[in-house]
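Written below as C-alpha cells is the structure these notes are about.
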Amino acid sequence: MGRGQAFTDHRETEVVKTTTRTTVKPLSSSRETGWMWQARYLPLIILTVLFAGVLAALIGISVLLAQTTAKLNTCNAARPQGVTAAPTVTVGPTGPPVEPEEKLIYRLSEANEGILPTHYDLILQIHVPVTSAADEPIPVADRFTTKGSSVAITLRTTKANVTTITLHARHDVPEGSQSGHLQKFKEGAVTVTEKPITAESKKIPVTSVEYLKADIIVIHLGEALTATTENVTVEYSLKFEFEGFIGDDNEGLYRSQYKKGSDTKYLVTSHFQAYKARRAFPCFDEPGIRSTFTTTLRYPATFLMTRTNTAEVRPAQNWDAPNGTVLWKESVFERTKPMPVYLNAFLVSSADDFKANTVESDLNTPPLPISVIGNADIIAHGAYALAQSQAIMKELAKVYQEPYDWPKLDMVGVPDYNAGATENWGLVVYRESSLMYEPGVSTADQKRGVSAIVSHELSHMIFGNLLTTEWWGDVWLNEGFASYIEYRLMEAANPNWGTKYLFTYWTTKRALESDSQPTTHALHNPAVQTPAQIDAMFDVISYEKGAAVLHMMSGVMREPVFTAALVRYIDRMKGTGSVKYEDLLAELDNVVAPAESSFDLTTHMKNWILKAGYPVLTLTRSAANPGALSFKQTKFTLPIGANDTSIAPDATVWDIPFTLINGGVLGADAVSAAAERTCWLTARSAETLPDECSTVTDALASDDSYLFANVQQNGFYRVNYDRDNWDKIIAALSKIDLVSMQSVARRALL
C-alpha cells in the first residue's frame, strides 16, 4: 500500500475535484474578521460557555468513573484484544436454524486445518449505471448490486473427517449501510461438488450456513470430505451464487463518481487490502492463502473500459442478460498466478471518459505493455509516471534478478481512493492526484511524490506480491521492504536527485520519532487478529521503522552482500510465496556465515524485530584516560506531557551495531571507511568497549576533537555523549565548513 506521507504531508491539504483535473491546494482559513465575525458568532460563544460549564462537571464525574474502571480493568489485562462474538444465527439452506452459540474466529488457519483453496472462478455482474440520470436502463432495485454473480472455489483437504469449511463473507452491516457487503445466501445457493464436475459428479450435502461475527461463515456438510493423499488428489468445487452491494465508501468493490459537464458519472473499482475482498465475494481472505483466479466481468455495454489483474482472453462480447432489458458486455480474463485474494483488482469505467496511454517496454520478451489509465481530460499528465515506471521496473529486475513475470502492468488513477495507492498485481490503483504530474503547474515536491509512490508500489511486485507476509502481524515484510527499496529505485530513475542520501532524514528520523512514543509496537506482533488490529499495523512503525531496520542490516552486512542475500531469499521463498521474518533472517545468516562464522544476525536482530522501541546509547570518555570509553544503553521513550510518570523501566537490551569516528575527519572517504568498521555492544553497560571493538578505537587516539558514533546513522538508535564531547561538537559546528562534512553525517547531528 502506498505511503500516505511520502515527501508531502497530505494532512495539510485538501483534494479539490473539477471536471478536468484533481488538484491539491493548502487548506484555507476563514476570511471573516473583526465585527463581522463577532456579530455572527457571539450567540454561539455564549451557548458554548454555558455548555462548557456543564461539560466540566461531566468531565469531573467521568474522571472518577474512569479511575474506578481502570482499577477494575486490571484484572482483565491478560485477556486477548478483540470483541466478544454476539450470539450467531445459522440459516440452513436445507434444514432448520441451528441454536445460537458463542463463537469467535479471526484466523482461518485455526478453523480450517488441512483445507487448501487452489483456484477461484469468479463471475461479477456489475449493476451500475453510467450516470445518475433517472432514465438509466438498469432497474432501480438492481442498481449498485452484483446480482447474478457467482464464485466457484476449488479446494482440497489434507485432513480426514472434515465436515465444515470456514471462510469470509461480509454480511453483518447496519441497516441502510452504504459500504460493500453480501446478502445472506438463498436456499440452494451454496453447493459442494466433487471435481471434475460432470452430470455424475458426487454432491456433498450442505446442511446449513452459519454466520458469525468478524465476517466469518461456516459451511456445515452432511458428510465428510475425502482427504487428498500422496497418491490421490481429491478436489471439490465450493460454489456460491450471491448478490452483493457495491458501496460508496472507497472500500472493497465500490463505486466512484466524478463530474463530466453537468452529469454525475460512475465507475467501479476496488480496494481490497488488507481484508476487504470479502465485501465483494466469499473467499479465504488472508495474506498467507494463495490461489489462482479466473475472472469474468459482466457490465452495461456503455462502460467498455474494463481491467483486472490479467489481460483479456478475447475482446469483450455481447452477453444476454436473463431479463433482456439491458445490453450487456462480457469480458473474460486470463488466469492469474497464485496470489493472496486481496491483490485482486477491478476497473469498470466509460471508454469515453477514461483512456489508457500504453508503451511496449523492452523489460520482457515479448515486450511488456505498461499503461497509465485515467480521466481523458488529464491522461496526458500521466506521462511522467509512465516514464518513471519503465526505469523503475528495469532497476528492480536488474538488482534482484527477478523478472516481472506478468502479462501486463496497468496503473490507474481514480478520483477518490483512500490509500495513496495499492499494489494489486498487474493493476495498481492510485489516487488520481498521486499519479498525475502536470509540468509547469505541479510543484517539485509533487513530482518527487509521484516518483516515490510509483517506486513504492512497483517495489511490491516482488516484496508484497511475489513474496507476501504470511500474516498481518508482520506487515513490515511487505511495507518496510517497499519503503526501503523505493529510495534505490528513485535514485536509478532520477540520478540527479541524490535521493539515497535522504533516507536517514526522511525515513529513519520519522521512525525514531514515532517509535519513541509509549504507544508504539514491535515490528513483529503475534497478537494481531481483529480487523482493527490489522489496520493499526499499517503505520509508521511497519513502513518507516521496517525500512530503517532493513537499512541497518544492510549497513552491518555491507550493501552488496545484503542485496545478494535478498536475491537468494527471493529465489528460495518464491515457490511458496508466503514468508515470515524468520525466513528472511535465516537466509541473511546463510550468506554471511561462511565468511564470518561468529556472526549470528538472527541473534543480533532479535530484539530489533520482537521488541517495541529502541535504545539511546550514552557514551562517556574518561577524563583520566581519553583512550577509554564507557557506554550505557536505555530504552528511549518520550513522556506524554511534562508531568507524565507512567513510563515504566524497560529491561530490554539491544545488540547495538557500533561505529565510531573522530570528529576531525568527517570527509566522505573517512566516514565511509568508519561506517564499515562495526562491532556489537551486547551488554546494558560497561566501563570499556569490548575487545571486538578494537577496530574502532583508533578514533580515541586524540582527545583534541569530539567523537561521533553511529556513523552514517546506519544504526536505528540515538546517541548521547558526555558534556565535554557535546561542548566540542558545538564548538566545532561554529567553525567547520559544513559543505565538506559528509552529508549523512550532517543530518545525523540534527
What pair of heavy atoms forms the shortest contact from [X] to [Y], and how long is it?
X    : Y    : answer
S389 : M411 : CB-CE, 3.6 Å
V719 : A709 : CG1-CB, 4.0 Å
T520 : G613 : CG2-N, 3.9 Å
Y717 : N710 : O-ND2, 3.4 Å
S542 : M537 : OG-O, 2.5 Å
A565 : M557 : CB-CE, 4.2 Å

Tell me if a side-chain donor or acceptor on [X] pairs with a main-chain N or O of [Y] at a distance below 3.5 Å.
X    : Y    : result
Q633 : A683 : yes
D722 : D724 : yes
N494 : M490 : yes
R621 : L700 : yes
D589 : L601 : yes
S455 : S451 : yes
S483 : E479 : yes
N662 : L707 : no
E486 : I453 : no
S630 : T620 : yes

Would you call [X] and [Y] a side-chain contact if the rule is heavy atoms closer than 4.5 Å?
X    : Y    : result
R718 : L617 : no
T504 : Q712 : no
C679 : L689 : no
L588 : Y569 : no
E491 : E395 : no
L629 : T688 : no
W471 : R107 : yes
P690 : F631 : yes

Check the orientation of W472 and F538. Use parallel for under 30°, tilted for 30 to 60°, and perpendicular for over 60°.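 Geometry flag for F538 against W472: tilted rings.
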
Look at the aromatic rings of Y543 and H456 and report parallel, tilted or perpendicular, splitting at 30° and 60°.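 Parallel.
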
For residues 653-660, tabulate all N or O donor-acceptor pairs below 3.5 Å that involve a side-chain atom, not counting sequence neighbours.
| unit_1 | atom_1 | unit_2 | atom_2 | d |
| --- | --- | --- | --- | --- |
| W654 | NE1 | N607 | O | 3.4 |
| D655 | OD2 | H604 | ND1 | 2.9 |
| T659 | OG1 | V711 | N | 2.8 |

Nearest-0.5 Å distance, [atom1] of residue [X] to [atom2] of residue [Y]:
X    : Y    : atom1 : atom2 : answer
N525 : Q533 : CG    : CD    : 7.5 Å
M461 : I392 : CE    : CD1   : 11.0 Å
T530 : I534 : OG1   : CD1   : 7.0 Å
I541 : Q517 : CD1   : CD    : 9.0 Å
S361 : L368 : OG    : CG    : 5.5 Å
Q273 : N478 : CD    : CG    : 7.5 Å

Any salt bridge (Lys or Arg N to Asp or Glu O under 4.0 Å) pairs touching residues 601-619, not counting sequence neighbours?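 Residue pairs passing salt bridge (Lys or Arg N to Asp or Glu O under 4.0 Å), neighbours aside: none found.
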
Salt bridge (Lys or Arg N to Asp or Glu O under 4.0 Å) pairs, two or more places apart, involving residues 561-572: R568-E587, D571-K574, R572-E587

Regarding [X] and [Y], do their side chains bring together a donor and an acceptor under 3.5 Å, going by distance alone?
X    : Y    : value
D650 : T652 : yes
H524 : D474 : yes
T603 : D600 : yes
D535 : Y275 : yes
T507 : Y484 : no
E559 : S554 : no
T422 : Y417 : yes

Name all residues meeting the salt bridge (Lys or Arg N to Asp or Glu O under 4.0 Å) criterion together with E423; count only those two or more places apart in sequence or in a different chain, and write none if there are none. none

With sequence neighbours excluded, what pairs up with K394 under the salt bridge (Lys or Arg N to Asp or Glu O under 4.0 Å) test?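 Only D362 meet the salt bridge (Lys or Arg N to Asp or Glu O under 4.0 Å) criterion with K394.
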
State whether the number of non-hydrogen atoms from other residues, nucleotides or ligands found under 6.0 Å of E687 atom CD is greater than 12.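 Check fails, neighbour count at 12 or below.
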
Please tell me whether W476 and F463 form a close aromatic pair, meaning their ring centres lie under 6.0 Å apart.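 No, ring centres 6.0 Å or more apart.
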
With a 6.0 Å cut-off on the ring centroids, do F716 and Y614 count as close? yes

By side chain to side chain donor-acceptor pair (under 3.5 Å) - contacts of N714 (at least two apart):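 Listed in chain order: H551.
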
SB check K545 E513 (cutoff 4.0 Å):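 Answer for the salt bridge query: no.
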
Starting from the C-alpha separation in whole Å, work towards a yes-or-no answer on side chain to side chain contact (heavy atoms under 4.5 Å, CB included) for Y430 and E457. CA-CA 9 Å; Y430 294 79; E457 299 308 320; 3.8 Å; yes

Might you work through the side chain to side chain contact (heavy atoms under 4.5 Å, CB included) test for Y400 and T563, ending with a clear yes or no? CA-CA 7 Å; Y400 298 105; T563 299; 4.2 Å; yes

Quick one, W406 with N465, criterion side chain to side chain contact (heavy atoms under 4.5 Å, CB included). Give me CA distance, side-chain angles, the key distance, then yes/no. CA-CA 11 Å; W406 210 258; N465 296 3; over 6 Å; no

For side chain to side chain contact (heavy atoms under 4.5 Å, CB included), just list the numbers for Q446 and T443, CA-CA rounded to whole Å, side-chain angles, deciding distance to a tenth of an Å, and then say yes or no. CA-CA 5 Å; Q446 288 171 325; T443 66; 3.3 Å; yes

